[in-house]
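Each chain gets a letter, A, B and so on, in the order its sequence line appears, and its residues count up from 1. The structure displayed is predicted, hence computed values, not measured ones.
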There are 2 protein chains.
Amino acid sequence: MEEVSSRPAGGPPLRADAQRNRIRILVAAEEVFTETGPGASTEEVARRAGVAIGTVFRHFPTKGDLLGAIMKRLLAELIESAGERGGGEGLFEFFTELTAQASYKRTVVGLLESGGTAVRLPEAVGHLSEAVGGLLSEAQAAGTVSPSVELPEVMALLVSVTHGALHGGWDAELRERTLAVVFAGLRPR
Amino acid sequence: MEEVSSRPAGGPPLRADAQRNRIRILVAAEEVFTETGPGASTEEVARRAGVAIGTVFRHFPTKGDLLGAIMKRLLAELIESAGERGGGEGLFEFFTELTAQASYKRTVVGLLESGGTAVRLPEAVGHLSEAVGGLLSEAQAAGTVSPSVELPEVMALLVSVTHGALHGGWDAELRERTLAVVFAGLRPR
DNA sequence: CAGGATAATGAGTGGAGACTCATTTTGGAA
DNA sequence: TTCCAAAATGAGTCTCCACTCATTATCCTG
C-alpha cells in the first residue's frame with residue numbers, strides 16, 4: 001500500500017499548498033469513487049477534500065484524469081496482492097478476495113470492465129493480466145487447474161463474477177456457491 | 001414473439017392515431033434501447049419513431065415506464081425461449097443463446113442486472129427464474145448438472161457472464177472458452 | 001359535417017454535472 | 001519585506017436530458 005504521490009509526473013515542483021491539496025483531493029476521490037462508483041460528481045470530491053471545484057480541475061484537467069490517478073493506485077494494490085500469492089491455491093484465493101472486496105471497490109470493478117480504456121490505463125490492466133497469468137501457471141503446475149484453461153477466460157470470469165457480485169449485491173453464501181461452480185470448472189476433471 | 005400491444009392496460013380505447021403512434025414508439029424504443037442500452041435518450045426514441053417528444057411522454061409518463069414496457073416484451077421472449085428447451089442440455093443451450101445474444105440485447109441485460117427493480121418488473125424476472133429453475137431440474141434429473149448446484153448461483157452466473165460478454169465485447173472464441181469453464185463447473189465430477 | 005374530446009406538437013423549464021476564468025490569495029525567492 | 005508567479009476560489013457557462021404545457025391538429029360521434 002504505497003503512499004499517495006504528492007506530485008504529478010514531470011514538471012516543476014509544486015508549491016507547498018498545492019502539494020497538500022493534491023493529496024487531499026486524491027484521498028477524497030478514492031473515498032468517494034470507492035463508495036459511489038465512477039458516477040460520483042467532481043463537486044462531491046471537492047467538497048470532501050475541502051477545496052473549491054476549480055482546484056480539483058487545476059490538478060486534474062478532466063474527470064478522467066482524476067479517475068485514472070486513483071485507478072492506477074488501486075490497480076497497483078491488486079497487482080501486488082496477486083503477486084504475493086502463489087502455489088496451487090493462489091489463483092483461487094485471489095479470485096475470492098477480489099470478489100469479496102467488490103462491494104467496496106466499485107471503481108476498480110468499473111475500470112476492469114472497460115479494460116482500462118475509459119481512463120487510458122491499458123498497460124496497468126495488462127500488468128494485472130500478467131500477474132493473474134503467473135498465478136494461473138503456478139496453479140496449473142501444481143495440478144489444481146486444468147491445463148486446457150487459458151488466461152483470457154480466467155480474466156473474463158474474474159471480471160464478470162466480480163461485477164456480478166458488486167451489482168447483484170450477492171451475500172457471502174451466494175458468492176461462495178457461485179465461486180464453487182467456477183472453481184470446479186477450472187479444476188482438472 | 002408476440003405482437004406489440006396497441007393499447008395500454010385498462011382505460012378507454014385509444015384513438016386511431018394514438019394507437020398507431022403507440023406502436024411506432026414501442027418499436028423505435030426497442031430498437032434504440034437494444035442498440036444503445038438504457039442510457040439512450042427519449043429524444044432519440046421520439047426521432048426514430050417520427051413523433052414529437054411530447055407524444056412519447058403522453059403515452060409513457062416517465063422513461064422508466066417506456067423501458068418497462070419493452071422489457072416486459074423482451075423478458076417474455078426469453079422466458080419463452082427457456083420454456084421451449086429441456087432435457088439434459090437445455091440449460092446449457094439457453095445459457096449459450098443468451099450469452100451470444102447479449103451483444104444486441106443490451107437492455108435485457110441491464111434489466112436482469114437490476115433484478116428488475118429499476119423498472120418494477122420483479123415478477124417478470126421471477127418468471128424467468130422459474131423457467132431457468134425448470135431447466136436446471138431437468139438437467140439434474142438427466143445427470144448433466146451436479147445435484148449440489150442450486151438455482152441462485154445459476155442465475156448469478158447467467159447474469160454475470162452475459163453482462164461480461166456484452167460489456168467486455170467477447171468474441172465467439174472467448175465466449176465459448178468461458179462458457180466451457182462454467183459448464184464444466186456445473187457438470188457432475 | 002359540426003364541434004367537443006382526444007391527441008400531437010415542440011419550444012421551454014429545471015436540474016445535474018463537467019468544465020472555465022476573472023479575481024483574489026498565498027508561497028517563497030531575492 | 002517585497003513582489004510576482006503559482007495556486008485557490010466559486011460563480012458562471014455549456015451541454016445533455018427528463019419532463020411540461022399552451023397551442024394546434026386530428027379523430028369520431030351525433
Side-chain angles (χ1 to χ4, degrees), chain A residues 5-29 32-33 35-71 106-107 110 118-120, chain B residues 5-29 32-33 35-71 106-107 110 118-120:
Chain A
S5 156
S6 61
R7 313 181 31 183
L14 293 178
R15 239 168 56 176
D17 53 346
Q19 284 185 31
R20 186 175 5 96
N21 282 337
R22 188 164 210 276
I23 291 174
R24 279 187 186 166
I25 290 166
L26 281 169
V27 168
V32 171
F33 289 133
E35 283 167 20
T36 314
S41 74
T42 312
E43 182 75 43
E44 174 62 26
V45 172
R47 197 176 308 125
R48 194 86 67 105
V51 302
I53 180 87
T55 303
V56 175
F57 281 100
R58 161 171 264 269
H59 285 276
F60 304 95
T62 71
K63 187 182 176 178
D65 292 330
L66 178 54
L67 232 22
I70 66 170
M71 299 270 185
R106 291 179 171 264
T107 316
V119 290
R120 303 287 141 65
Chain B
S5 158
S6 62
R7 311 181 31 184
L14 294 176
R15 239 167 58 176
D17 53 347
Q19 284 184 31
R20 184 173 11 92
N21 282 335
R22 188 166 211 276
I23 291 174
R24 279 186 186 168
I25 291 166
L26 282 168
V27 168
V32 171
F33 289 132
E35 284 168 18
T36 313
S41 74
T42 312
E43 183 75 42
E44 175 61 26
V45 172
R47 198 176 307 125
R48 194 86 67 103
V51 301
I53 179 84
T55 303
V56 175
F57 282 99
R58 162 171 263 270
H59 286 275
F60 304 95
T62 71
K63 188 182 177 178
D65 292 331
L66 178 54
L67 272 173
I70 66 170
M71 299 271 184
R106 291 179 171 264
T107 316
V119 289
R120 303 286 141 66

**Q.** Those residues that, when tested against Ser41(B), pass side chain to side chain donor-acceptor pair (under 3.5 Å) (two or more places apart)
**A.** none
Q | Partners passing side chain to side chain donor-acceptor pair (under 3.5 Å) against Arg20(B) (at least two apart in sequence or in another chain) | A | none
Q. Choosing from dA18(C), dA7(C), dT9(D), which nucleotide comes nearest the side chain of Phe57(A)?
A. dA18(C)
Q.
Of the options dA8(D), dA18(D), dT9(C), whose atoms approach the side-chain atoms of His59(A) most closely?
A. dA8(D)
(Q) So Ser41(B), base contact, sugar-phosphate only, or nothing? Heavy-atom distance under 4.0 Å. (A) sugar-phosphate
Q. What nucleic acid atoms does Thr55(B) come within less than 4.0 Å of, heavy atoms only: base, sugar-phosphate, or nothing?
A. base
Rounded to whole Å, how long is the line connecting atom [atom1] of [X] with atom [atom2] of [N]?
{"X": "Ile25(B)", "N": "dC19(D)", "atom1": "CD1", "atom2": "C1'", "value": "15 Å"}
{"X": "Arg58(A)", "N": "dA18(C)", "atom1": "CZ", "atom2": "C1'", "value": "18 Å"}
{"X": "Leu67(A)", "N": "dA18(C)", "atom1": "CG", "atom2": "P", "value": "10 Å"}
{"X": "Leu66(A)", "N": "dG17(C)", "atom1": "CG", "atom2": "P", "value": "15 Å"}

(Q) How would you summarise protein contacts on nucleotides 23-30 of chain D per nucleotide, using B for base, S for sugar-phosphate only and - for none, with heavy-atom distances below 4.0 Å? (A) ---BSS--
**Q.** Non-neighbouring partners of Phe60(A) that pass side chain to side chain contact (heavy atoms under 4.5 Å, CB included), sequence neighbours left out
**A.** Arg22(A), Ile25(A), Leu26(A), Asp65(A), Leu66(A), Ala69(A)
Q) So, is Thr42(B) near the phosphate of dC17(D), with a side-chain N or O under 4.0 Å from OP1 or OP2? A) no
Q.
Can you see if the side chain of Asn21(B) gets near the phosphate of dA7(C) - specifically, an N or O under 4.0 Å from OP1 or OP2?
A. no
Q: For Arg48(A), enumerate each residue passing the salt bridge (charged side-chain N to carboxylate O under 4.0 Å, His left out) test, keeping only those at least two apart in sequence or located in another chain.
A: Glu31(A), Glu35(A), Glu44(A)
Q.
Run the side-chain contact (heavy atoms from CB on, under 4.5 Å) test on Val45(B) and Phe33(B) for me, step by step, so that the C-alpha distance in whole Å, both residues' side-chain angles and the decisive distance to 0.1 Å come before the verdict.
A. CA-CA 8 Å; Val45(B) 172; Phe33(B) 289 132; 4.1 Å; yes
Q: Applying side-chain contact (heavy atoms from CB on, under 4.5 Å), run through Gln19(B) and Ile23(B) and close with a yes or a no.
A: CA-CA 6 Å; Gln19(B) 284 184 31; Ile23(B) 291 174; 5.6 Å; no
Q.
Any residue in residues 43-53 of chain A with a heavy atom nearer than 4.0 angstrom to DNA chain D? Just list them by number, or reply none.
A. Val51(A), Ala52(A), Ile53(A)
Q: Could you grab the distance from atom CZ of Arg58(A) to atom CD1 of Ile53(A), nearest 0.5 Å is fine?
A: 14.5 Å
